[in-house]
Novice: 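Shown below is the structure under consideration.
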Amino acid sequence: MSSKLKVAGWVALGAVAGALTTMQLQANARSSLSPLPLDEMQQLAAVFGLVKSDYVEPVDEKKLINDAIAGMVSGLDPHSQFFDKKSFREFREGTTGKFVGVGIEIGMEDGLVK
C-alpha cells in the first residue's frame with residue numbers, strides 16, 4: 001500500500017510541476033508578443049460591419065478581408081504583395097524557371113518591325 005501511495009505522490013508532483021511549467025511558458029510567450037492594437041482592430045471591425053451592411057451592393061466577406069490584407073501589405077513598400085491561395089499558385093507556376101520559347105520580342109518602332 002505504501003508503494004502505491006509513493007507512486008501516486010510522484011504522479012501528483014509531476015502533474016503539478018508540469019502545470020506550473022506550462023503556465024510559465026504561456027506567460028513568457030504572451031509577454032514576448034506585442035499586443036494587438038485593440039482600438040484599431042475595433043475600428044477595422046466596425047468598418048467591415050458598415051461595408052457589409054450598408055454598401056450599395058452585396059459584398060463577399062472573404063474578398064473584403066483579402067482586399068483589406070492586400071492593402072495593408074502593399075502599404076509597406078512597393079515590393080510587398082499579398083497573394084491569396086489561387087494567386088500564389090499562379091505566381092509559383094510563373095516563376096518555376098520553366099519557360100518555353102526562343103526569347104525574342106517583336107514590335108513596331110518608327111514604322112519598322114524590330
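These values consider heavy atoms only, across backbone and side chains, with no hydrogens, waters or symmetry-generated copies.
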Novice: Taking Val51 as the starting point, is it possible to reach Ile69 by hopping between hydrophobic residues whose side chains are less than 4.5 Å apart?
Specialist: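 In one cluster: yes.
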Novice: With sequence neighbours excluded, tell me which residues meet salt bridge (Lys or Arg N to Asp or Glu O under 4.0 Å) with Lys63.
Specialist: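 So Lys63 forms a salt bridge (Lys or Arg N to Asp or Glu O under 4.0 Å) with Asp67.
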Novice: Would you call Met108 and Val113 a side-chain contact if the rule is heavy atoms closer than 4.5 Å?
Specialist: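 Yes, their side chains come closer than 4.5 Å.
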Novice: What's the separation between atom NZ in Lys86 and atom CG in Asn66, rounded to the nearest 0.5 Å?
Specialist: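 CG of Asn66 is found 12.5 Å from NZ of Lys86.
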Novice: Is Leu50 linked to Leu64 within one hydrophobic cluster, defined over Ile, Leu, Val, Met, Phe, Trp and Tyr using a side-chain heavy-atom separation of less than 4.5 Å?
Specialist: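 No, because Leu50 and Leu64 fall into different hydrophobic clusters, even though each may have its own neighbours under 4.5 Å.
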Novice: Tell me if the CZ atom of Phe83 is crowded by more than 12 foreign heavy atoms within 6.0 Å.
Specialist: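 Check passes, neighbour count above 12.
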Novice: Which residues pass the side-chain hydrogen bond (donor to acceptor under 3.5 Å, both in side chains) test with Asp77, not counting sequence neighbours?
Specialist: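 Scan of Asp77 (side-chain hydrogen bond (donor to acceptor under 3.5 Å, both in side chains), adjacent residues dropped) gives Ser80.
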Novice: Looking only at non-hydrogen atoms, find the nearest pair between Leu36 and Met41 and report the distance.
Specialist: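 Shortest heavy-atom separation between Leu36 and Met41 comes out as CB-CG, 4.4 Å.
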Novice: Would you give the length of the straight line joining atom CD1 of Ile65 to atom CG of Asp84, rounded to the nearest 0.5 angstrom?
Specialist: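 Between atom CD1 of Ile65 and atom CG of Asp84 there are 13.0 Å.
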Novice: Nearest 0.5 Å, what's the CZ-CZ distance between Arg89 and Arg92?
Specialist: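 That separation rounds to 11.0 Å.
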Novice: According to a 4.5 Å side-chain heavy-atom criterion applied to Ile, Leu, Val, Met, Phe, Trp and Tyr, with indirect links allowed, do Val73 and Val47 form part of one hydrophobic cluster?
Specialist: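 Yes.
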Novice: Should we count CD of Glu90 as having more than 12 external heavy atoms under 6.0 Å?
Specialist: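 Yes, CD of Glu90 has more than 12 neighbouring heavy atoms, counting only those of other groups under 6.0 Å.
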